[in-house]
Every structure is written in C-alpha cells, then in structure tokens.
Amino acid sequence: MTFDWQPIDTLLLDMDGTLLDLHFDNHFWLHYLPRVYGETFGLSAEEAIAFLHQRIEQEKGSINWYCLDFWSQELQLDIAGLKRDVDAKIALRPFADTFLARMRSLGKQLLLVTNAHRDSLDLKMEKTRLDHHFHAMISTHDYGVPKEHMTLWEALHADYRFDPARTLLIDDSEPILDCAADFGIGHLLTIRQPDSQKPPRETLKYPAFNHFDEIMPDD
C-alpha cells in the first residue's frame with residue numbers, strides 16, 4: 001500500500017502486535033502460563049486453560065486485563081518473572097526498526113503508546129532496544145485507564161499537545177482504533193498479521209499493511 005506522509009506530524013505506535021510480534025504474548029498467556037499454573041496448583045492442562053480463560057475474560061477492557069501486578073496477586077504467581085522465562089520469543093515485526101529510524105530522520109514525533117504494564121514494556125525494550133527511537137514511551141498504566149477509553153486520549157492530548165488531525169495511530173486492535181477515531185485522530189492504520197504464527201486477518205475495518213516496508217516513504 002502507499003501512504004502519504006506529508007499530512008503527518010506525530011506517530012502514535014502500539015507495541016504488541018504492531019512493532020513486536022504478538023506471538024510472544026499469545027504463547028505466554030495461552031500456553032506457558034496455563035502450564036505453570038496447572039503444575040503449581042495441581043490442575044490438568046484443560047482445567048488450567050479453562051479457569052484462566054474465564055478469569056482473564058472477566059477483566060477485558062479494563063486496565064486490570066493488562067496489569068502484571070494485578071495478575072500476580074490474583075494468580076499467586078510472579079507474572080513478570082515468568083515472562084522472562086520465555087523472553088527468547090520476543091521479536092520485532094519485519095522492518096520495524098528501520099521504519100522507526102526513517103520516521104525519526106524525517107522529524108516526526110514518535111510516541112510509543114502501549115497498554116502493556118511497565119515491567120513488560122521494560123523487558124521488551126531491554127530485548128529489542130527500540131527505546132532510543134521514541135520521544136516518549138507511554139504505558140497507559142501511568143494513567144490508570146487503557147486505550148479503549150476516551151479519557152486516555154484526552155489525557156495524552158493534554159500532556160503531549162499533538163494535533164489529532166495530523167496524527168497517525170498504528171495499532172492492531174480495532175476497539176482501540178475505534179476509540180481513537182471517536183477522539184479525532186485523523187489517520188489510522190492496522191496490522192494484517194499481528195502474530196506471525198497465525199494467518200493474516202482478512203476482514204478488517206481499517207486500512208491494513210503486512211510489514212513496515214510497505215508504508216516506508218521513498219528516500
């Protein structure tokens with residue numbers, strides 16, 4: 001796909017499923033954590049998966065859904081520590097690093113905006129070294145409300161003073177893109193294949209691309 005960068009001053013970039021392969025998170029929450037939970041509390045794999053799925057779904061859309069401290073307390077496990085057990089699976093999506101460097105060289109304001117907990121954000125920056133590209137790295141936990149809520153966008157705008165009409169958000173979550181659109185973010189893109197181990201998504205509401213080289217501006 002082609003993309004016109006002239007009207008863009010600010011890029012708001014999601015982390016998991018956008019800059020980073022969502023496979024790490026899916027593997028952790030859907031496979032590794034259920035195995036550890038089952039072994040710890042004497043449940044079968046099926047029982048652990050069923051319990052965790054039901055419990056986690058109860059928090060969907062809230063900041064607790066993303067909060068490692070909350071889940072550590074709820075599940076009586078060190079979630080941040082367990083993530084380090086499988087951190088070899090943390091990986092950049094293709095051309096993400098090159099894309100960020102190119103945007104920075106063009107003078108765009110780059111803001112990482114993630115619902116990930118600070119411990120998860122720190123781990124992933126430690127592994128990928130993407131942090132030097134950004135003017136700011138924002139965890140919505142600092143605001144107590146995730147990107148699915150209008151108050152988050154209002155708070156970000158108050159703190160970073162970007163022009164919504166000249167701002168691009170790239171995110172793999174449709175509910176988040178919907179909320180950003182309602183706030184007035186003028187340019188919205190999504191990712192066709194957030195998890196490299198799953199098929200590309202076919203039916204998407206927002207313009208989508210596969211890899212960042214597809215929207216890289218010409219030299």
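Pairs engaging residues 153-162 under the side chain to side chain donor-acceptor pair (under 3.5 Å) rule: Y143-D159 [sequence neighbours left out]. Here ring-ring contact (aromatic ring centres under 6.0 Å, His included) pairs that include residues 75-99, with residues two or more places apart or in two chains, are W5-F99, F99-F212.
Under the salt bridge (charged side-chain N to carboxylate O under 4.0 Å, His left out) criterion, E39 pairs with R35, sequence neighbours left out. R84 is linked by a salt bridge (charged side-chain N to carboxylate O under 4.0 Å, His left out) to E126, counting only residues two or more places apart in sequence or in another chain. Not counting sequence neighbours, K108 has no partner by the salt bridge (charged side-chain N to carboxylate O under 4.0 Å, His left out) test. With sequence neighbours excluded, the residues satisfying ring-ring contact (aromatic ring centres under 6.0 Å, His included) with H141 are H117. Contacts of K205 classified as side-chain hydrogen bond (donor to acceptor under 3.5 Å, both in side chains), with partners at least two apart in sequence or in another chain: D178. Among residues two or more places apart in sequence or in another chain, the salt bridge (charged side-chain N to carboxylate O under 4.0 Å, His left out) test is passed with R104 by none. For the side-chain hydrogen bond (donor to acceptor under 3.5 Å, both in side chains) test, no residue two or more places apart in sequence or in another chain qualifies with D87. Residues passing the side chain to side chain contact (heavy atoms under 4.5 Å, CB included) test with Q58 are Q54, R55, sequence neighbours excluded. In this structure, the side-chain hydrogen bond (donor to acceptor under 3.5 Å, both in side chains) partners of S196, at least two apart in sequence or on a different chain, are D21. In this view, Y66 and N115, E148 satisfy the side-chain hydrogen bond (donor to acceptor under 3.5 Å, both in side chains) rule, not counting sequence neighbours.
With a 4.5 Å cut-off on side-chain heavy atoms, F162 and D9 do not count as touching. For the pair L130 and L20, the minimum side-chain heavy-atom distance is below 4.5 Å. In this structure, M125 and T128 have side chains that are in contact, with non-hydrogen atoms separated by less than 4.5 Å. In this structure, K198 and N26 have side chains that are in contact, with non-hydrogen atoms separated by less than 4.5 Å. Residues L33 and W71 have side chains not in contact (no heavy-atom distance under 4.5 Å, counting atoms from C-beta outward). A 4.5 Å side-chain heavy-atom check between I79 and W29 finds at least one atom pair inside the cut-off. By the 4.5 Å heavy-atom criterion applied to side chains, H149 and T140 are not counted as neighbours. Here the side chains of P7 and H187 are in contact, with some heavy-atom distance below 4.5 Å.
The structure places CG of L189 at 5.0 Å from CG of L168, a figure rounded to the nearest 0.5 Å. A distance of 10.5 Å separates CD1 of I138 from CG of L13, quoted to the nearest 0.5 Å. In this structure, CE on M103 lies 7.0 Å from CD1 on I215, to the nearest 0.5 angstrom. Here the straight-line distance linking atom CE of M15 with atom CG of L22 works out to 10.5 Å at 0.5 Å rounding. Here CG of L169 is found 7.5 Å from CG of D14. Values are rounded to the nearest 0.5 Å. Rounded to the nearest 0.5 angstrom, L92 CG and R129 CZ are separated by 12.0 Å.
Evaluated for a salt bridge (Lys or Arg N to Asp or Glu O under 4.0 Å) with D16, the options K124, K83, R93 yield exactly one hit, K124. Partner of T18 under the side chain to side chain contact (heavy atoms under 4.5 Å, CB included) criterion, chosen from D172, L112, T114: D172.
Proximity of a side-chain donor or acceptor of R192 to a complementary backbone N or O of H211 within less than 3.5 Å is not detected. Judged purely by atom type and a 3.5 angstrom limit, K147 uses its side chain to pair as donor or acceptor with the backbone of V113. Looking only at distances, no side-chain donor or acceptor of S72 sits under 3.5 Å from a matching main-chain atom of D78. Looking at R166, its side chain does come within 3.5 Å of a backbone N or O of Q6 through a donor-acceptor pair.
Under the 4.5 Å side-chain heavy-atom criterion for ILVMFWY residues, no single connected hydrophobic cluster contains both L30 and L52. Cluster membership check: L75 shares its hydrophobic cluster with F28, using side-chain heavy-atom separations under 4.5 Å among Ile, Leu, Val, Met, Phe, Trp and Tyr. Residues I185 and L11 are members of separate hydrophobic clusters, defined by side-chain heavy-atom contacts under 4.5 angstrom among Ile, Leu, Val, Met, Phe, Trp and Tyr.
Residues I8 and F3 approach most closely at CG1-CE2, 3.9 Å, considering heavy atoms.
Using a 30° and 60° split on the angle between ring planes, Y37 and F41 fall in the tilted class, from 30° to 60°.
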